[in-house]
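Right, one structure below, let's go through it.
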Amino acid sequence: MTNSGENAVGGFWRHLNEAALVVEKQTGTIHDVNEVALDHLGYRPEELVGRALSELVLGDEDTSVSTLLRNGESGHTHVSFRCDNGTRYRASVSVSTLSQPNDDLRLLLARETPSPPSKRTTDESTVVLKTILENLTLGTLVEDENRDVLMVNEALGDALGVPLDPEQMIGRDCAQAAEEMKGLFANPERFVRSNNEFIDQRTPVRGQELDLADGRTVVRDYVPYQLPNGDANLWIYRDVTAQKRRERERERHRNLLRQLQEVAEIGGWEIDFRTDELTWTDKTYEILRLSPDEDIDLQTAIEFYHPDDRDTIREAFEKLRSDNIPYDHELRIVTTDGQVRWVRARGEPWIVDGETVGARGTFQDITPRVRRERRVKQQRDSLEVLNQVIRHDIRNDLQLVLAYADLLGEEVADENGHLDRIISAARHSVEITENAQTMSGIFLGEDHELTPTSLSAILRKELTNVRSTYSNATIEITEPLPEATVWANEMLQPVVRNLVGNAVQHNDKETPKVTVEVVRANGHVQLRVADNGPGVPPDRREAVFGKGNKGLESTGTGLGLYLVKTIVQEFDGTVWVEDNDPEGAVFVVELPER
């Protein structure tokens, strides 16, 4: 290739992806060509440089080329060039003026175009295209350069939500049709404006979203293309309402998942065994106090675990990788700022088409829960120690006090009642230790399985004990006492003891009177403890069962009735207070009958 035009035009056109020829505008002599032109035409440089362009142009098309060369027009024409091997190279030719002092050279660009089809080929292609359009599920419209409709299918009407007759649309002015149909769109002016903009720019547009007035959403593509007799435009519409709804739902689920991960301190991870690439979610980085920009791998991830726990996680992961065995462990990690925290590490196989390609799992910060559990365990241990002290040491000492007080009462005349008060206080303290022992068992979660329990038998036994404790009171049972079996256990004893004891202790009469009755009805058994005391006002009937609640004159702990309610609820029963007739209160315990 010669350098005759190199200095004049700077050689920029040599690097174009189109066939380029530098030609003298008056004579049509070729001064230079680029490699693309040589490849398309099949000539060597020396065979073209100095040769008249007209020798390469077939037919009378050289006239229009000569006109373009002389006038430097920016338009184009279609030309067939003779190739070195005898074939023809059909091209769309445009001419540009090169900046020259003598203004005698032109740059000719030849863009390859297919040869115009024969009429028969065109007819066959039209039939094929029409058949394709009719069977497409996508709404499609083709218009020519005058914006007359060439082809359209019924699917376009389905996409826009209007009935459409393709035959009646042929030949219609597309611009006018757009004006008539713009009311179908939520933003009519945007629809019309974008039509004109796309056609003016003649650049493909993919995925333009348009909201319809009926609430649906369509997406359309614009594709400009060339027909043998001019430009054409292809419009493709598709209804994406369901797809958008699914996308919104998926996004809602993703947002919900992100929120749940934040609340639950859960991160995620994934490793691809094919590449050993490890991926973490942002929450995983956050738990480890690590920047999301940091690169991590499997070895780095394992190093974050506490030294005493690394072998556990390493062994679990290897079993997952080799044998598809999932794992779920609570282990310690050490964050980048030196904190030791607890995490729940879970992993399971990632299987695609029956093949294990990797592993996935979650990474949850459970430090607050572990700390709570440790505090609860410490409290439980302390409570067990306290229960042992109450159960053995204090209670044994109180029993010893009562025994010696009874012996002393046989030998000494208690004219001032001091000894009676000592005995009463000791018995009250024994009652407190018994309640405390029962409560500690409940708080410790001791297993008290419910079994068929005779309420009548427990009632007779406990009333015998209570009568010996409160010798100044009259405690009676309404006979005949029915044989009633309920779902309970030995903790039913303190229920009876506390209800009867409460009726005596909070009685303002010189001789407290307590009546105990058992009633069976509708699959339940009621234990009714009635007294002749001051009664319980309606606004206090819920409060009396509260923890620590007691009357102003009471010397008790306020735990008796709270203990009753707690135990009864363990038996799936209820307890309440009623008025007694003519005075006093009735405490009612209702339990399921066996």
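Counting only N and O atoms by type, the side chains of Arg594 and Ser454 include no donor and acceptor under 3.5 Å apart. In the model, Glu449 has no side-chain atom that pairs as donor or acceptor with a side-chain atom of Asn489 under 3.5 Å. Side-chain contact, Asp297 with Thr300: a donor N or O sits under 3.5 Å from an acceptor N or O. Between the side chains of Trp13 and Glu18, no donor N or O sits under 3.5 Å from an acceptor N or O.
A distance-only check finds a donor-acceptor pair linking the side chain of Asn153 to the backbone of Leu156 [under 3.5 Å]. Formation of a donor-acceptor pair under 3.5 Å by the Asp144 side chain with backbone atoms of Asp148 is found in this model. Remark: side-chain polar atoms of Ser322 are paired, donor with acceptor, to backbone N or O of Glu318 under 3.5 angstrom. Although no hydrogens or angles enter the test, the distance criterion places no donor-acceptor pair under 3.5 Å between the side chain of Thr566 and the main chain of Val564. When atom types are taken as modelled, the side chain of Asn498 and the backbone of Leu561 share no donor-acceptor pair closer than 3.5 angstrom. One N or O on the side chain of Thr284 and one on the backbone of Gly268 form a donor-acceptor pair closer than 3.5 Å. Although no hydrogens or angles enter the test, the distance criterion places no donor-acceptor pair under 3.5 Å between the side chain of Thr356 and the main chain of Gly358. Side-chain atoms of Asp214 come within 3.5 Å of backbone atoms of Arg216 as a donor-acceptor pair (strictly under, hydrogens ignored). Put simply, the side chain of His306 gets close to the backbone of Asp308: a donor and an acceptor are under 3.5 Å apart.
Looking only at side-chain heavy atoms (C-beta outward), Thr453 and Ile458 come within less than 4.5 Å of each other. Residues Arg202 and Asn233 form a side-chain contact, since some pair of their non-hydrogen atoms from C-beta on lies under 4.5 Å apart. Under the 4.5 Å side-chain criterion, counting only non-hydrogen atoms from C-beta, Tyr222 is in contact with Trp235. When side chains are defined from C-beta on, Val152 counts as touching Leu164, because their heavy atoms get closer than 4.5 Å. You'll find the side chain of Tyr237 stays beyond 4.5 Å of the side chain of Leu141, heavy atoms only. Residues Ile366 and Gln364 meet the side-chain proximity criterion, which asks for heavy atoms closer than 4.5 Å.
With sequence neighbours left out, Pro326 forms a side-chain contact (heavy atoms from CB on, under 4.5 Å) with Glu348, Pro349. Legend: residues meeting side-chain contact (heavy atoms from CB on, under 4.5 Å) with Pro368, ordered by chain and number and at least two apart, are Arg341, Asp365, Arg372. Applying the salt bridge (Lys or Arg N to Asp or Glu O under 4.0 Å) criterion to Glu145, with sequence neighbours excluded, gives no partner residue. Take Glu315 and apply the salt bridge (Lys or Arg N to Asp or Glu O under 4.0 Å) test, not counting sequence neighbours, and it matches Lys319. Every salt bridge (Lys or Arg N to Asp or Glu O under 4.0 Å) that Asp337 has, sequence neighbours left out, goes to Arg289.
The aromatic rings of Phe363 and Tyr305 stand perpendicular to each other, their planes meeting at an angle above 60°, with 30° marking the opposite boundary. Taking the six-membered ring where tryptophan is involved, the planes of Trp269 and Tyr327 are essentially parallel, since the angle between them stays under 30° and well short of 60°.
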| So Arg90 and Ser80, side chain to side chain donor-acceptor pair (under 3.5 Å) or not? Walk me through it. | CA-CA 4 Å; Arg90 182 71 178 172; Ser80 294; 3.1 Å; yes

| Going through the checks in order, is the side chain to side chain donor-acceptor pair (under 3.5 Å) test met by Arg111 and Ser94? | CA-CA 8 Å; Arg111 301 177 181 85; Ser94 62; 3.2 Å; yes

| request: Check step by step if ring-ring contact (aromatic ring centres under 6.0 Å, His included) holds for Phe571 and Trp487. | output: CA-CA 7 Å; Phe571 297 160; Trp487 286 105; over 10 Å; no

| request: May I have the step-by-step check of salt bridge (Lys or Arg N to Asp or Glu O under 4.0 Å) for Arg220 and Glu209, ending in yes or no? | output: CA-CA 7 Å; Arg220 71 170 177 178; Glu209 283 192 12; over 6 Å; no

| request: Kindly determine whether Leu210 and Val219 satisfy side-chain contact (heavy atoms from CB on, under 4.5 Å), including the steps that lead there. | output: CA-CA 6 Å; Leu210 296 171; Val219 168; over 6 Å; no

| field | Check against side-chain contact (heavy atoms from CB on, under 4.5 Å), Gln226 and Thr113 | value | CA-CA 10 Å; Gln226 198 75 32; Thr113 60; over 6 Å; no

| message | Assess the residue pair Asp309 and Ile313 against the criterion (side-chain contact (heavy atoms from CB on, under 4.5 Å)); give the C-alpha distance rounded to whole Å, side-chain angles, the decisive distance to 0.1 Å, and a yes or no. | response | CA-CA 7 Å; Asp309 292 339; Ile313 190 64; over 6 Å; no

| said: Does Arg374 form a side-chain contact (heavy atoms from CB on, under 4.5 Å) with Trp342? I'd like the steps, not just the answer. | reply: CA-CA 12 Å; Arg374 287 186 170 184; Trp342 282 87; 3.4 Å; yes

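In summary, of the residues considered (Lys283, Arg344, Arg346), a side-chain contact (heavy atoms from CB on, under 4.5 Å) with Thr362 occurs for Arg346 alone. Screening Ile333, Leu288, Thr367, Val370 for a side-chain contact (heavy atoms from CB on, under 4.5 Å) involving Val343 leaves a single residue, Ile333.
A salt bridge does not link Arg193 to Asp200: none of the charged nitrogens lies less than 4.0 Å from a carboxylate oxygen. In summary, Arg310 and Glu303 engage in a salt bridge, as defined by a charged side-chain N under 4.0 Å from a carboxylate O. For Glu249 and Arg246, the salt-bridge test fails: no basic side-chain N is under 4.0 Å from an acidic carboxylate O. Between Arg369 and Glu330 there is a salt bridge, since at least one side-chain N of the basic residue sits less than 4.0 Å from a carboxylate O of the acidic one. For the pair Asp173 and Arg147, the salt-bridge criterion is not met [side-chain N within less than 4.0 Å of a carboxylate O].
In this structure, CZ in Arg238 is found 7.0 Å from CG in Leu138, a value given to the nearest 0.5 Å. Asn85 contributes atom CG, which lies 8.5 Å from atom OH of Tyr43 (distance to the nearest 0.5 angstrom). Atom OG1 of residue Thr140 and atom CD of residue Glu154 lie 12.5 Å apart, to the nearest 0.5 angstrom. Atoms CG and OG1, from Leu455 and Thr485 in turn, are 9.0 Å apart once rounded to the nearest 0.5 Å. Rounding to the nearest 0.5 Å places CG of Asp231 at 11.0 Å from CD of Glu143. The distance from the CZ atom of Phe81 to the OG1 atom of Thr87 is 13.0 Å, given to the nearest 0.5 Å.
For Asn17, the CG atom sits in a loose shell: 12 or fewer heavy atoms of surrounding residues, nucleotides or ligands are nearer than 6.0 Å. The number of heavy atoms from other shown groups lying within 6.0 Å of CD (Glu593) is above 12.
Geometric assessment of Arg321 against the ring of Phe273 yields a positive cation-pi assignment under the 6.0 Å and 45° thresholds.
Between Glu294 and Tyr285, the closest heavy-atom pair is O-OH, 3.4 Å.
The salt bridge (Lys or Arg N to Asp or Glu O under 4.0 Å) pairs that include a residue from residues 175-190 are Arg172-Glu180, Glu179-Lys182, Lys182-Glu189, where partners are two or more places apart or lie in different chains.
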